[in-house]
Amino acid sequence: MQHKATDRIIFMHNVAKTYENGAIALKNINVSIRKGEFVFLVGSSGAGKSTFIKMLLREVVPDEGNIFVNGYNIMEMNHRDIPYLRRSLGVIFQDYRLLPNKTIYENVAFAMQVIEAPRRTILRSVNSVLDVVGLRDKYKCFPNQLSGGEQQRVAIARAIVNKPSLVIADEPTGNLDPETSWGIMDIFHRINRLGTTIVMATHDKGIVDTMKKRVIAIENGTIVRDEYNGGYGYET
Ligand code: ADP
């Protein structure tokens, strides 16, 4: 299949990262991800998954190679453009990272206030994404009044409220039981169907094997497998 260069939302060419203490986190990484793909990033602990994700956010800068994310040249970008890169991405973590003293509504609205969206737009968009994650009736609650699965759904609402074309999730089901995890995956599936690219690092063999998406497996800092309709690949 032929694809235009502009179809790529992530492109990495010969990327390598060694930390200051000498730990080689990634080497010789070549990846191209097109708009609209759903990609699982798998690999054992210490394989390099978090470093991979941090490079997409430009929290970690590689020592070698080229990376383009959402049209931004990670290696050569100006410092003042970093916030724009990050705002163009939706990011979800294992531990939710909600603001404990803000309500669910305020947690999601906050992501729009920082980009100075008009109040009416914020109201409409927050209600709409809380509908997507099935939590509109909880808008007045505080995070500690919600279950883990509900908190993660708020984090997803916050990640998508500014309509990012790329959502990056680092072990989003890592703290959740299997049934709750499937509820989260159902939301990711729907977001992806609407056109959003998803890159998700996970240890969840059941989810990876069932969803049959593209699987990029990293071991000892290199990509050992990259296949469509893939599985987790080894017993856990
Ligand atoms: P994973 O997310 O797959 O568990 P990481 O990307 O966190 O893997 O780690 C890859 C390798 O880089 C490991 O050997 C880890 O110890 C090392 N590493 C990660 N972060 C740092 C850091 N900030 N400083 C030094 N070494 C690090």
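We count ligands from 1, going down the list as the structure has it; atoms in each ligand are counted the same way. This one's a predicted model, so the numbers in the text were calculated from it and none came from an experiment.
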Checklist entry - Quick one: are R153 and I184 in side-chain contact, heavy atoms under 4.5 Å? => result yes
Next on the checklist: Check for me, please, whether I10 and L85 land in the same ILVMFWY cluster - side-chain distances under 4.5 Å, paths through other members count.
Outcome noted: yes
Next on the checklist: What protein heavy atom lies closest to atom 10 (C) of ligand 1? Include the residue and the distance to one decimal.
Outcome noted: G46 O, 3.3 Å
Checklist entry - Checking side chain to side chain contact (heavy atoms under 4.5 Å, CB included) against I168, which of T197, I53, I198 comes through? => result I53
Checklist entry - So which protein heavy atom does atom 22 (C) of ligand 1 come closest to, and at what separation? => result Y19 CD2, 3.5 Å
Item to check | Electrostatic pair D7-R34, nearest N-O below 4.0 angstrom | outcome: no
Checklist outcome for this item: for atom 16 (O) of ligand 1, nearest protein heavy atom and its distance come out as A23 CB, 4.9 Å
Next on the checklist: Only heavy atoms of N21, strictly under 4.0 Å: list the atoms of ligand 1 that pass.
Outcome noted: 25 (C), 26 (N)
Checklist outcome for this item: Among non-hydrogen protein atoms, atom 6 (O) of ligand 1 lies closest to T51 OG1, 2.6 Å
Checklist entry - Which ligand 1 atoms are under 4.0 Å away from a heavy-atom of S45? => result 4 (O)
Next on the checklist: Quick test: of every protein heavy atom, which one is nearest to atom 7 (O) of ligand 1, and how far off is it to 0.1 Å?
Outcome noted: S50 CB, 3.6 Å
Checklist entry - For ligand 1, which part of S44 has a heavy atom less than 4.0 Å away: the side chain, the backbone, both, or neither? => result backbone
Checklist entry - Is the shortest distance from a heavy atom of G48 to ligand 1 less than 4.0 Å? => result yes
Next on the checklist: Applying the side chain to side chain contact (heavy atoms under 4.5 Å, CB included) criterion to M200, which one of K213, M211, M185 satisfies it?
Outcome noted: M185
